[in-house]
Amino acid sequence: KEAQEKWFSKLSYLFYIVWVDGKRAGTIGIKNDEIHNVIIEDKYRHKGILKKVLKNFNDIHFLEVLASNKKAIGVYKKLGFKILAYKMKK
């Protein structure tokens, strides 16, 4: 938990907490009109929560996801997102 709080404190963009029945189910970050760092806790996955959350951000049409995160990419594709580019760094 301490490492997670340290990581969040270094970020320079807004994070929203996803609540389900009064319990924290995940987080979503918004940076420069893009969705970043979407985290849905394991026990809340496969319940349509991400789809509901993304409806609250329907004016945002881009998101960033690691190319290695195949599960997330599959979910985002089902939600209508398309791969536009891969970022690379040396």
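Given the structure is predicted, the values throughout are model-derived calculations rather than measurements.
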Between side-chain atoms of residues 52-63 and protein atoms elsewhere (two or more places apart, or another chain), which donor-acceptor pairs fall under 3.5 Å?
none

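Here salt bridge (charged side-chain N to carboxylate O under 4.0 Å, His left out) pairs that include residues 66-75, with residues two or more places apart or in two chains, number zero.
Arg45 meets the side-chain contact (heavy atoms from CB on, under 4.5 Å) test with Ile40, Asp42; sequence neighbours excluded.
Taken from OH in Tyr16 to CD1 in Ile35, the straight-line distance is 11.0 Å, to the nearest 0.5 Å. Atoms OG and CD1, from Ser68 and Ile73 in turn, are 7.5 Å apart once rounded to the nearest 0.5 Å. Summarising the geometry, atom NZ belonging to Lys82 is positioned 10.5 Å from atom NZ belonging to Lys77; distances are rounded to the nearest 0.5 Å.
Hydrophobic clustering of Ile, Leu, Val, Met, Phe, Trp and Tyr side chains at less than 4.5 Å, counting indirect connections, unites Ile83 with Leu79. Under the 4.5 Å side-chain heavy-atom criterion for grouping Ile, Leu, Val, Met, Phe, Trp and Tyr, Leu14 is not connected to Ile39 through any hydrophobic cluster.
Using bins of under 30°, 30° to 60° and over 60° for the plane-to-plane angle, the ring pair Phe81/Tyr76 lands in the perpendicular bin.
What you find for Lys23 and Tyr44 is that their closest heavy atoms are CB-OH, 3.5 Å. Closest approach of Lys31 to Tyr13, counting heavy atoms only: CD-CD2, 3.3 Å.
Side chain of Lys47 to main chain of Lys43: a donor-acceptor pair is present (N/O by atom type, distance under 3.5 Å, no hydrogens or angles).
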(message) Let's go through Phe15 and Asn37 carefully: what are the C-alpha distance in whole Å and the side-chain angles of both, what is the deciding distance for side-chain contact (heavy atoms from CB on, under 4.5 Å) to 0.1 Å, and is it a yes or a no?
(response) CA-CA 9 Å; Phe15 259 84; Asn37 298 82; 3.5 Å; yes
